[in-house]
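Here is the structure we will look at.
Naming: A, B, ... by sequence-line order, numbering from 1 per chain.
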2 protein chains.
Amino acid sequence: MSLTLADAIERHILALLEESGEAALQRVDLARHYDCAPSQINYVLSTRFSPERGFVTVSRRGGGGYIRIVRSVEPELPQMAAMLRRSQSGIAEAGAVAIIARCNASGWLGEREAQILMSMVRRDVLDLPLPERDLLRARLLAAALLAVSQGR
Amino acid sequence: MSLTLADAIERHILALLEESGEAALQRVDLARHYDCAPSQINYVLSTRFSPERGFVTVSRRGGGGYIRIVRSVEPELPQMAAMLRRSQSGIAEAGAVAIIARCNASGWLGEREAQILMSMVRRDVLDLPLPERDLLRARLLAAALLAVSQGR
DNA sequence: TATAATAAGGTCAGGGAAGGTCAAATACCC
DNA sequence: GGGTATTTGACCTTCCCTGACCTTATTATA
């Protein structure tokens, strides 16, 4: 309902990715197809196909330019957990959300699991003064990722 | 008999829910229809369609924004979450483990989800002095259960 | 071989379109 | 009269979309 232009373009690109594992496109063509400004394509790419969401995009300008989008390689869970545990300054909420989303995108975490974790690392849930809060968040996330990686 | 505006809007939304199992609306439209301030809709949502009352609402801002209301699949979970949040003394590790196990047994939490939560509420992960540790554990568990109840 | 023209894609600020929050005012009910 | 419930309005945050301007690559031309 009330599909926005951005949503439509997102689906378009996702469909291309399903088909062949990669989406190759010309920015102007896609923009013309949806009758919008070319920069709209960039908006969709940066909001929906960011590295945090598990995508990598490469492009070239000039004559014969193009944009290519592929899914990025899965992160290694135990390594991420180890990194989090070593981190001296912990991790901010935005960073945690990015990691969780990333793990979800690559199949390590289910939709529900990701949803649960996101709700738990929130600022207002942890509710501690700042050096400790980020540290705690890192410990929590590390524990969760470790549990996931061992649970199979 | 005094049917307040809030009551009327509540019935309106309930009727939508009866019809199709979900109420999807635009806040401004509904407000215009009842000739009231848009924030009145939020008032109705927070007083009559809260998680404790067994409803889940999701919304999006910006162009193409919307509000969607559905009945919660597990009305018990928000109750437990509310209980935990109200608890003045928090919850000990053993208590949390018991709750998680029970949720797992009743099918509200999957095996993996239970494992993850257990690993997160551990004493050595939370690592805080004692009044705060139990309080934090309660907040974490409450957040998790609420997230589950809003599962998608 | 420089240089100019052309053909891409990139960036960023800004306007508009939603919904969210909160405190103050008002109305209702003992 | 006091307490609770309702209602509003001012202000905020998020999301979408565009247009002006910039950078880079290729191609044509002097």
Side-chain angles (χ1 to χ4, degrees), chain A residues 1-14 16 22-53 55-70 92-94 97-98 101 118-119 122-125, chain B residues 1-14 16 22-53 55-70 146 150:
Chain A
M1 53 144 65
S2 103
L3 249 299
T4 66
L5 182 51
D7 291 333
I9 297 175
E10 175 186 16
R11 293 191 182 187
H12 185 115
I13 296 177
L14 282 175
L16 290 179
E22 101 162 12
L25 51 93
Q26 308 251 151
R27 193 179 71 152
V28 192
D29 286 354
L30 194 52
R32 235 197 316 265
H33 182 250
Y34 284 97
D35 191 31
C36 65
S39 55
Q40 176 71 0
I41 309 300
N42 296 90
Y43 174 72
V44 174
L45 291 183
S46 62
T47 55
R48 278 117 158 120
F49 296 92
S50 61
E52 289 83 18
R53 296 198 174 202
F55 297 93
V56 40
T57 71
V58 292
S59 66
R60 232 177 95 185
R61 309 184 186 192
Y66 59 82
I67 300 177
R68 239 179 309 143
I69 304 128
V70 295
E93 180 171 343
V97 167
M118 297 235 194
S119 78
R122 281 171 36 180
R123 233 184 315 278
D124 61 317
V125 169
Chain B
M1 179 79 305
S2 65
L3 198 39
T4 68
L5 181 51
D7 291 332
I9 297 176
E10 176 185 14
R11 293 190 181 188
H12 185 117
I13 296 177
L14 283 174
L16 289 179
E22 106 163 5
L25 51 93
Q26 307 250 149
R27 194 180 69 153
V28 192
D29 285 354
L30 195 51
R32 236 197 315 266
H33 182 250
Y34 284 97
D35 191 31
C36 64
S39 55
Q40 176 72 357
I41 309 300
N42 296 88
Y43 174 72
V44 174
L45 291 183
S46 62
T47 56
R48 281 122 159 116
F49 295 91
S50 62
E52 283 82 0
R53 295 190 171 215
F55 295 94
V56 180
T57 71
V58 292
S59 66
R60 221 170 105 185
R61 307 186 185 193
Y66 59 81
I67 300 178
R68 238 177 310 145
I69 305 127
V70 295
L146 202 60
Q150 309 186 341

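- Using a 4.5 Å cut-off on side-chain heavy atoms (C-beta onward), L146(B) and S119(A) make no contact.
- Between A24(B) and R68(B), the shortest heavy-atom distance links the atoms CB-CG, 3.8 Å.
- Atom-to-atom, CG of L45(B) to P of dT21(C) comes out at 11 Å; the value is rounded to the nearest Å.
- Proximity of Y43(B) to the phosphate of dT7(D): no side-chain N or O atom is located under 4.0 Å from OP1 or OP2.
- Contact between the side-chain N/O atoms of R48(B) and the OP1/OP2 oxygens of dA5(D) is not found at any separation under 4.0 Å.
- Within the 4.0 angstrom heavy-atom criterion, only backbone atoms of the sugar-phosphate kind lie near G65(B); the bases stay farther away.
- Side-chain atoms of D7(A) and T4(A) form a donor-acceptor pair, as typed in the model, at a separation below 3.5 Å.
- Whole-Å rounding puts the L5(B) CG to dC28(C) P distance at 12 Å.
- Residues D35(A) and Q40(B) both approach DNA chain D. Their nearest nucleotides, taken by heavy-atom distance, put Q40(B) toward the 5′ side.
- For the pair D7(A) CG and dC17(D) C1', the computed distance is 13 Å after rounding to whole Å.
- Distance, N42(B) CG to dG19(C) C1': 7 Å, rounded to whole Å.
- The base of dG20(C) sits within donor-acceptor range of the side chain of R27(B), with an N or O pair under 3.5 Å.
- One interatomic measurement links the two molecules: CZ of R32(B) to P of dT8(D), which rounds to 15 Å at whole-angstrom precision.
- Residue R60(B) places no side-chain N or O under 4.0 Å from the OP1 or OP2 atom of dT13(D).
- The CZ atom of R11(B) sits 14.5 Å away from atom CG of L16(B), with the distance rounded to the nearest 0.5 Å.
- The distance from atom CD1 of I9(B) to atom P of dA5(D) is 17 Å, rounded to the nearest whole Å.
- Judged by distance alone with a 3.5 Å cut-off, no donor-acceptor contact links the side chain of S59(A) to the base of dG10(C).
- When each of S39(B) and R61(A) is assigned the nucleotide of DNA chain D bearing its nearest heavy atom, the one mapping closer to the 5' terminus is S39(B).
- Rounded to an integer number of Å, the gap from I41(B) CD1 to dT21(C) P is 15 Å.
- The separation between Q26(A) atom CD and dT6(C) atom C1' is 15 Å, rounded to whole Å.
- Here the side chains of Q150(B) and V58(B) are not in contact, with every heavy-atom distance at 4.5 Å or above.
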